[in-house]
Amino acid sequence: MFEFITTSFSNIIYVFFAFSLVIFIHEFGHFYIGKRCGIGVNEFSIGFGPKLFWYRDSTGVLWKFCLLPFGGFVKFEGDLDPSSLTQQKDNSINNLNHFNNATILSRALTVSAGPFANFLLSIFLFSSIIMINGFANDKPIIGKINNTPLQDIKLKKGDLILEINDSPIEKFSDIIVKYNELDYKKDTNFLIKRNDDVLRFIIPNLFLPLIKSIEPLSPASRAGLLPGDFILSVNGISILTFEELKKFVNKSNGNPLELEIFRNGTTTQKILSPENRPIENSDGSFKETMRIGIIGGFALEPERITPNIFEAIQFGFSATYRVISGSLRGLVEIINGSISAKHISGPIGIAHAISDVSKNGFISFVSLVGLISTGIAIINLFPLPILDGGHLVLLLYEKIFSKKPSVFFMQIFTFIGVFLLLSLMVFATYNDLLRIIL
C-alpha cells in the first residue's frame, strides 16, 4: 500500500513538473519579448482558478501559481492576455505601454514568442539528452549487454567484433544485418578482439524478447509491463525472439494474450489485448498495425561517443524538426483517415503518458517533455482565435488593410474558433477516458 502511494505521488510530481515547465516557458516567451518591446505587464499566471501562492515584484507584476496548472497567461497593460486584440486603440499618452498601442511588429513578436520559446525548450532538452547519452558509435565495439536471463553470453563490454560465422564485420550495423540472415535457433560463431587477445565464442540467439521501453498509453503500459521484463511465453507457448511475439500479436485480432514475464528473478502473468496503433514507415508516412506498445532491442548495444556542444545543438534542431514534421504528417493522416482519430489525446492522456514514460527512466521523461513542448508550440500556431496563430492572422490582416477586422467578423471568427477548440477538447477527453475505462 505504501509503495502504491509513493508511486502515485511520484507520478503526480512528474505530471505537475512537466506541465508547469512547458507552460512557464511558453508564457515567459510572451512576457520577456513583450517587456523588451516596451509593453507593460500586470500578471504572469501559471494555471487557472484560485491562487495557491503569489507575489508582486518590484515592477508591479503579479506572479501567481493557480490550482489548475493546465494552462497559463500573461496579462499585459490594456489587454486580457498576451495575444488578444481589442477593437479600440487607446491613443492616450498615459497608455503608451498598453498592448494594443504597440506597433504591429511588437505585437506580432510578442505573440510569436510563446511558441518560439517552446521550440527552444525542445531543442535544449534534445541537445541535453544527446550530451548525456552520446551518439552510437558505428564501430563494432560492444558498449552494453542488456539483461538476458537464461542465456550465457560470453561477450563483454569493450569487445571488438571481427567476424560472425567467418564473415567480416566492419560496422556495428553489420552485426544486426548479419543476424537477420541467420537462423535464430542456431548458435553463432563470434570472433572478437578483447584487449590484445583474439577469441572465438559460440553465442546463442541475441534477438531476445526483452523489453527495452514501453510506449505510453499502450496495452503494455496498461497491463503493467516494465522495461527490462523478459517475455518467456505467449498463451503458454515458449518464444525465443521478438519475431515470434509479433506473430502472436498480428494473429490475435485484438483478442487477449497471456504473457509469462520474467522480472527480477521471478515469473509473473500479464494479460493484455493488442490494438491498432500508428507506426511510421521508412518514407515518413504512417500506417496502423496490430501492436501492444513495447519496444525491444538487440541484446548488444554499441558504445556511445560524447558529442561536442555544436553537434549536440545540431542534433537538438534536427530532433525538433523531426517532431514538427512528424506531427504535421500525423495530423494530415488523421484528416485523410489513414490513422484513427481515437489517438488524439487531451490533458488527461498527456498526464497518463507522462506517468507511463516516467517508468522508463528520467531520460525518457525528459524526451517526452521535449515532445510535449513542441506539440504545444504547434497547436498554438493553428490559425484559430484564442491561440497565438489566430492572433497572428488578425495582425497580418491589420497590416495589409491598415485597420482591424470588423466587430461582426471578430464575433463570428471567435465563436467558430472557440467552438472548434471546445469540440476538440471534448473529443480528446472522451478518447482519454475511453482508454482509462478499457
Side-chain angles (χ1 to χ4, degrees), residues 14 17-18 21-22 24-26 28-29 115-147 155-162 169-179 192-195 206 210-216 227-228 280-284 295-329 353-354 357-378:
Y14 273 113
F17 175 79
L21 176 62
V22 172
F24 175 81
I25 292 298
H26 181 95
F28 189 79
F116 183 74
N118 281 129
F119 286 136
L120 287 181
L121 174 62
S122 298
I123 293 168
F124 171 77
L125 293 177
F126 292 140
S127 299
S128 300
I129 289 172
I130 205 64
M131 284 293 291
I132 296 172
N133 275 358
F135 287 109
N137 186 0
D138 201 30
K139 293 182 179 180
I141 300 175
I142 299 175
K144 178 183 177 181
I145 300 177
N146 291 315
N147 176 34
L155 301 175
K156 294 182 179 181
K157 178 181 177 180
D159 285 350
L160 173 65
I161 300 175
L162 303 175
I169 300 297
E170 298 179 357
K171 300 180 295 184
F172 196 91
S173 54
D174 292 342
I175 304 172
I176 299 176
V177 171
K178 185 63 179 177
Y179 244 87
I192 64 103
K193 183 178 181 180
R194 179 178 297 167
N195 299 322
L206 296 178
L210 180 71
I211 299 177
K212 185 176 182 180
S213 62
I214 304 291
E215 295 178 6
E280 188 173 0
N281 298 317
S282 58
D283 61 357
I295 299 174
F298 199 44
L300 308 179
E301 293 187 17
E303 69 172 0
R304 306 192 73 84
I305 303 172
T306 302
N308 60 47
I309 186 66
F310 300 105
E311 291 173 328
I313 293 174
Q314 183 181 19
F315 175 85
F317 272 96
S318 176
T320 302
Y321 173 77
R322 288 197 301 271
V323 174
I324 295 172
S325 60
S327 299
L328 295 178
R329 288 197 307 271
I354 294 170
V357 169
S358 65
K359 301 172 186 176
N360 292 342
F362 185 71
I363 294 298
S364 295
F365 168 74
V366 172
S367 179
L368 180 61
V369 174
L371 292 172
I372 292 172
S373 185
T374 300
I376 292 295
I378 294 172

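These numbers come from the heavy atoms of this one structure, side chains and all, not from hydrogens, waters or symmetry mates. Just so you know, residue 1 is the first one in the sequence shown, and it goes up from there.
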With a 3.5 Å distance limit and no angle check, can you tell me whether [X] reaches the backbone of [Y] through a side-chain donor-acceptor pair?
X	Y	answer
Thr374	Val323	no
Thr320	Gly316	yes
Ser128	Phe124	yes

Please report the interatomic distance [atom1]([X]) to [atom2]([Y]), rounded to the nearest 0.5 Å.
X	Y	atom1	atom2	value
Ile192	Ile142	CD1	CD1	7.0 Å
Ile141	Glu301	CD1	CD	15.0 Å
Met131	Asn308	CE	CG	8.0 Å
Ile295	Leu210	CD1	CG	13.0 Å
Asn118	Ile123	CG	CD1	11.0 Å

Would Asp174 and Ile161 satisfy side chain to side chain contact (heavy atoms under 4.5 Å, CB included), going step by step from the backbone distance to the final call? CA-CA 10 Å; Asp174 292 342; Ile161 300 175; over 6 Å; no
Under 6.0 Å from the CZ atom of Phe315, do we count more than 12 heavy atoms belonging to anything else shown? yes
Other residues, nucleotides, ligands: >12 heavy atoms within 6.0 Å of Gln314 CD: no
Let's go through Leu125 and Ser367 carefully: what are the C-alpha distance in whole Å and the side-chain angles of both, what is the deciding distance for side chain to side chain contact (heavy atoms under 4.5 Å, CB included) to 0.1 Å, and is it a yes or a no? CA-CA 7 Å; Leu125 293 177; Ser367 179; over 6 Å; no
Are any non-hydrogen side-chain atoms of [X] and [Y] less than 4.5 angstrom apart?
X	Y	value
Leu328	Ile378	yes
Asp138	Pro302	no
Ser373	Ile25	no
Asn137	Arg304	no

Distance-minimising heavy-atom pair for Ser127 and Ala312: OG-O, 3.0 Å
Shortest non-hydrogen separation from Ile145 to Leu155 and the atoms involved: CD1-O, 2.9 Å
Under the side chain to side chain donor-acceptor pair (under 3.5 Å) test, which residues partner Ser318, sequence neighbours left out? Arg322
Of Lys139, Lys193, Arg194, which meets salt bridge (charged side-chain N to carboxylate O under 4.0 Å, His left out) against Asp159? Arg194
I would like to know whether Ile324 and Phe119 meet side chain to side chain contact (heavy atoms under 4.5 Å, CB included); could you show each step before the answer? CA-CA 9 Å; Ile324 295 172; Phe119 286 136; 3.5 Å; yes
Parallel, tilted or perpendicular, as decided by the 30° and 60° cut-offs, for the rings of Phe17 and Phe365: tilted
Parallel, tilted or perpendicular: rings of Phe28 and Phe24 (30°, 60°): parallel
From CA spacing to verdict: side chain to side chain contact (heavy atoms under 4.5 Å, CB included), Leu300, Phe172: CA-CA 10 Å; Leu300 308 179; Phe172 196 91; 4.2 Å; yes
